Enquirer: 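My questions all concern the structure below.
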Amino acid sequence: MKHKLLFVALISATIFFTTPALAGSRLLATSGVTQLEGGAGGGLTPWAVISGYGDEGEASVGAFYTSVDIQDFRLKVNCVSASYDNRYEISAAQQSFELKGVAGDIRQEVYGAKYRLYGDAIYTDFPQVSAGLQYKRLIDGDIADAVGAEDSDSGVDYYVSATKVHLAAAGGYHFLWNATLRATKANQMGLLGYGGDDNNGYKIMPEFSAVVLLSDSLAVGAEYRKKPDNLGAFNEDSFRDMFIAWFPNKHVNLTLAYAELGSIAASEDQNGLYFSLTSWFK
């Protein structure tokens with residue numbers, strides 16, 4: 001009950017404190033899409049961009065839903081996110097990981113915060129750089145205990161991201177790249193706990209995105225996310241995807257991807273479709 005109350009309280013506070021100043025001065029698609037753990041960026045990895053379309057002195061509030069349907073599992077994520085001044089971002093996400101053919105889900109809450117350190121992804125010569133963290137609370141930790149996780153309650157990821165848009169750089173189309181370094185102990189993003197019998201210390205994992213904007217409202221890209229291999233019971237593979245994102249206006253964006261998630265809990269070749277819908281209110 002406590003975790004549910006905390007989740008609802010953060011959603012309510014986010015909307016209450018930011019609604020009076022909602023605005024949207026930034027360019028279309030500069031919000032990025034929403035990442036599986038709630039931060040603005042790609043689907044798999046956070047970027048240095050700040051969520052929403054609020055610029056200096058403005059705020060944005062949004063909500064999103066994501067579903068990843070692969071051979072043996074299904075991940076559903078609900079999230080709210082808020083930002084202010086194109087510098088501060090907070091988010092709260094709840095992940096539900098379904099084991100197909102087995103009763104019950106693995107649930108995890110992720111509370112995120114991000115701060116833009118310097119730069120602008122479009123208007124400065126240097127990349128935009130942001131630092132963030134994701135506090136993860138595993139609600140259902142029995143399976144994490146069973147597979148040898150050192151901690152089945154909670155963990156924190158820390159990351160630094162750099163994002164840059166090069167205008168008309170790829171055959172006349174705008175090109176975006178992002179590089180993220182994440183310090184993490186999480187097994188399968190935390191759904192199988194944090195740390196393990198093979199490794200219980202933080203590891204620095206690289207994550208990359210490359211995107212071409214075919215128009216102001218349409219983008220195609222690919223992502224790669226390296227993950228730690230902490231558990232002796234299972235090998236943990238890197239995540240990859242190829243996606244298309246549509247931004248018809250500043251209120252909504254849709255993302256469709258083909259995700260290659262590799263081996264998950266000894267189930268090999270876990271590939272499938274990723275769908276995400278984000279709505280921004282202003």
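Every value quoted in this text rests on a predicted model; they were computed, and no experiment measured them.
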Enquirer: Could you give me the CA-CA distance, side-chain angles and deciding distance for Val33 and Phe247, then say whether side chain to side chain contact (heavy atoms under 4.5 Å, CB included) is met?
Expert: CA-CA 9 Å; Val33 298; Phe247 302 83; 3.9 Å; yes
Enquirer: Do Asp198 and Asn230 pair up side chain to side chain, a donor and an acceptor below 3.5 Å, judged on atom types alone?
Expert: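 Not at all, the side chains of Asp198 and Asn230 share no donor-acceptor pair under 3.5 Å.
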Enquirer: Just checking, any donor-acceptor pair under 3.5 angstrom between side chains of Thr45 and Glu207?
Expert: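 Thr45 vs Glu207: donor-acceptor pair found between side chains.
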Enquirer: Near Asn249 CG, under 6.0 Å, is it more than 12 heavy atoms from other residues, nucleotides or ligands?
Expert: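 Correct, the count exceeds 12.
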Enquirer: Determine whether the side chains of Gln188 and Lys227 contain a donor N or O and an acceptor N or O closer than 3.5 Å.
Expert: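 Yes, a side-chain donor-acceptor pair sits under 3.5 Å.
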Enquirer: Among Asp105, Asp72, Asp69, which residue meets the salt bridge (charged side-chain N to carboxylate O under 4.0 Å, His left out) test with Lys100?
Expert: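 One option only clears the test, and that one is Asp69.
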Enquirer: Tell me whether Arg26 is salt-bridged to Asp55, with the criterion being a basic N under 4.0 Å from an acidic carboxylate O.
Expert: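 Answer for the salt bridge query: no.
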Enquirer: Going by atom types only, do Tyr224 and Ser238 share a side-chain donor-acceptor pair under 3.5 Å?
Expert: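 Side chains of Tyr224 and Ser238: pair found under 3.5 Å.
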Enquirer: What closest approach, in Å, do Asp237 and Leu261 show between heavy atoms, and which atom pair accounts for it?
Expert: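 That would be CB-O, 4.3 Å.
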Enquirer: Should we say atom NZ of Lys203 is surrounded by more than 12 heavy atoms from elsewhere, each under 6.0 Å from it?
Expert: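 More than 12 heavy atoms, drawn from other residues, nucleotides or ligands, come within 6.0 Å of this atom.
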Enquirer: Whether the Asn235 and Ser263 side chains hold a donor-acceptor pair (N or O, under 3.5 Å, no angle test) is what I'd like checked.
Expert: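 Per modelled atom types, Asn235 and Ser263 side chains form no pair under 3.5 Å.
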Enquirer: Ser215 side chain to Leu218 main-chain N or O, any donor-acceptor pair under 3.5 Å?
Expert: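 The answer is yes, because a donor-acceptor pair under 3.5 Å joins these two groups.
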Enquirer: Is there a side-chain contact between Val68 and Thr66, using heavy atoms and a 4.5 Å cut-off?
Expert: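 SC-SC contact between Val68 and Thr66 confirmed.
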Enquirer: From Ile264 CD1 over to Met189 CE, what is the distance, rounded to the nearest 0.5 angstrom?
Expert: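 It is 8.0 Å, given to the nearest 0.5 Å.
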Enquirer: Going by distance alone, is a donor N or O of one side chain under 3.5 Å from an acceptor N or O of the other, for Asn178 and Ser209?
Expert: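 Not at all, the side chains of Asn178 and Ser209 share no donor-acceptor pair under 3.5 Å.
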Enquirer: Please check: side-chain N/O of Ser67 versus main-chain N/O of Lys76, any donor-acceptor pairing under 3.5 Å?
Expert: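 Checking the backbone N and O of Lys76 against the side chain of Ser67, no donor-acceptor pair under 3.5 Å is found.
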Enquirer: With respect to Gln108, which candidate in Gln95, Glu37, Gln94 satisfies the side chain to side chain donor-acceptor pair (under 3.5 Å) definition?
Expert: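 Answer to the side chain to side chain donor-acceptor pair (under 3.5 Å) test with Gln108 among Gln95, Glu37, Gln94: Gln95.
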Enquirer: If you round to the nearest 0.5 Å, how far is CG of Leu192 from CG of Leu138?
Expert: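 If I round to the nearest 0.5 Å, the distance is 8.5 Å.
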Enquirer: List the atom of Gly54, the atom of Ser60, and the distance in Å for their closest heavy-atom pair.
Expert: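 Smallest heavy-atom distance, with atoms named: N-OG, 2.9 Å.
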Enquirer: How long is the straight-line distance from OH of Tyr194 back to NZ of Lys185, given to the nearest 0.5 Å?
Expert: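 The NZ atom of Lys185 sits 12.0 Å away from the OH atom of Tyr194.
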Enquirer: Can you tell me how far the OH atom of Tyr111 sits from the CG atom of Leu133, to the nearest 0.5 Å?
Expert: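 One gets 13.5 Å once the value is rounded to the nearest 0.5 Å.
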Enquirer: Could you pull out the closest heavy-atom pair between Arg107 and Ser96, with the gap in Å?
Expert: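 Closest pair (atom of Arg107, atom of Ser96, distance): CG-OG, 4.3 Å.
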Enquirer: Checking the side chain of Asn187 only, and the main-chain atoms of Gly195 only, is there a donor and an acceptor separated by less than 3.5 Å?
Expert: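 Yes; at least one donor-acceptor contact below 3.5 Å.
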Enquirer: Determine the interplanar angle of the Tyr158 and Tyr202 rings, folded into 0 to 90°, and report it as parallel if under 30°, tilted if 30 to 60°, perpendicular if over 60°.
Expert: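 Answer is tilted, since the angle falls between 30° and 60°.
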Enquirer: With a 4.5 Å cut-off on side-chain heavy atoms, are Pro206 and Leu181 touching?
Expert: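 Of all side-chain heavy-atom pairs linking Pro206 with Leu181, at least one is under 4.5 Å.
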Enquirer: Would you indicate whether Asp216, at its atom CG, is surrounded by more than 12 heavy atoms from other residues, nucleotides or ligands within a distance under 6.0 Å?
Expert: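 No.
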Enquirer: Test Ile122 against every option in Leu176, Val49, Leu27 by the side chain to side chain contact (heavy atoms under 4.5 Å, CB included) rule and name the one that passes.
Expert: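 Output: one option passes, namely Leu27.
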Enquirer: With rounding to the nearest 0.5 Å, note down the distance linking CG in Leu277 to CG in Leu256.
Expert: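 Between atom CG of Leu277 and atom CG of Leu256 there are 12.5 Å.
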Enquirer: Is the closest side-chain heavy-atom distance between Tyr118 and Gln128 below 4.5 Å?
Expert: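 Side-chain contact under 4.5 Å: no.
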Enquirer: Cut-off 3.5 Å, side chains only: do Thr180 and Ser161 have a donor facing an acceptor?
Expert: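 Yes, side-chain donor-acceptor contact under 3.5 Å.
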Enquirer: Over 60° means perpendicular and under 30° means parallel, so classify the ring planes of Tyr53 and Trp280, tilted if in between.
Expert: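 Judged by the thresholds at 30° and 60°, the geometry between Trp280 and Tyr53 is perpendicular.
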Enquirer: Examine Lys114 relative to Tyr88 and say whether NZ or CZ is less than 6.0 Å from the centre of the six-membered ring and inside a 45° cone about the ring axis.
Expert: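 Judged by the rule, Lys114 and Tyr88 form no cation-pi pair.
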Enquirer: Provide the closest heavy-atom pair for Gln35 versus Leu44 in the form atom of the first, atom of the second, distance.
Expert: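 For Gln35 versus Leu44, the nearest heavy atoms are NE2-O, 3.2 Å.
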Enquirer: Give me the atom names and distance for the closest heavy-atom approach of Tyr274 to Ser276.
Expert: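 Closest heavy-atom pair between Tyr274 and Ser276: CE2-CB, 3.7 Å.
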Enquirer: Counting neighbours of CH2 on Trp246 that are heavy atoms of other residues, nucleotides or ligands and sit closer than 6.0 Å, is the number greater than 12?
Expert: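 Counting neighbours around CH2 of Trp246, 12 or fewer heavy atoms of other residues, nucleotides or ligands fall under 6.0 Å, so no.
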Enquirer: Working to the nearest 0.5 Å, report the span between CD1 of Ile106 and CZ of Phe73.
Expert: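 CZ of Phe73 is found 8.0 Å from CD1 of Ile106.
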Enquirer: More than 12 foreign heavy atoms under 6.0 Å from CZ of Phe175: is that the case here?
Expert: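 Yes, because the 6.0 Å sphere around CZ of Phe175 holds more than 12 heavy atoms from other groups.
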Enquirer: Verify the distance criterion only: is there a donor paired with an acceptor across the side chains of Ser51 and Ser31 at less than 3.5 Å?
Expert: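 Ser51 vs Ser31: no donor-acceptor pair found between side chains.
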Enquirer: For a 4.5 angstrom cut-off between non-hydrogen side-chain atoms, does Leu75 reach Glu98?
Expert: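 SC-SC contact between Leu75 and Glu98 ruled out.
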Enquirer: Using side-chain heavy atoms (C-beta onward) and a distance below 4.5 Å, is Met205 in contact with Tyr159?
Expert: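 Counting from C-beta outward, Met205 and Tyr159 never come under 4.5 Å.
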Enquirer: Is it the case that more than 12 heavy atoms not belonging to Glu56 sit under 6.0 Å from its CD atom?
Expert: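 Check fails, neighbour count at 12 or below.
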Enquirer: So, Asp241 side chain and Glu223 main chain: donor-acceptor pair closer than 3.5 Å or not?
Expert: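 Yes; at least one donor-acceptor contact below 3.5 Å.
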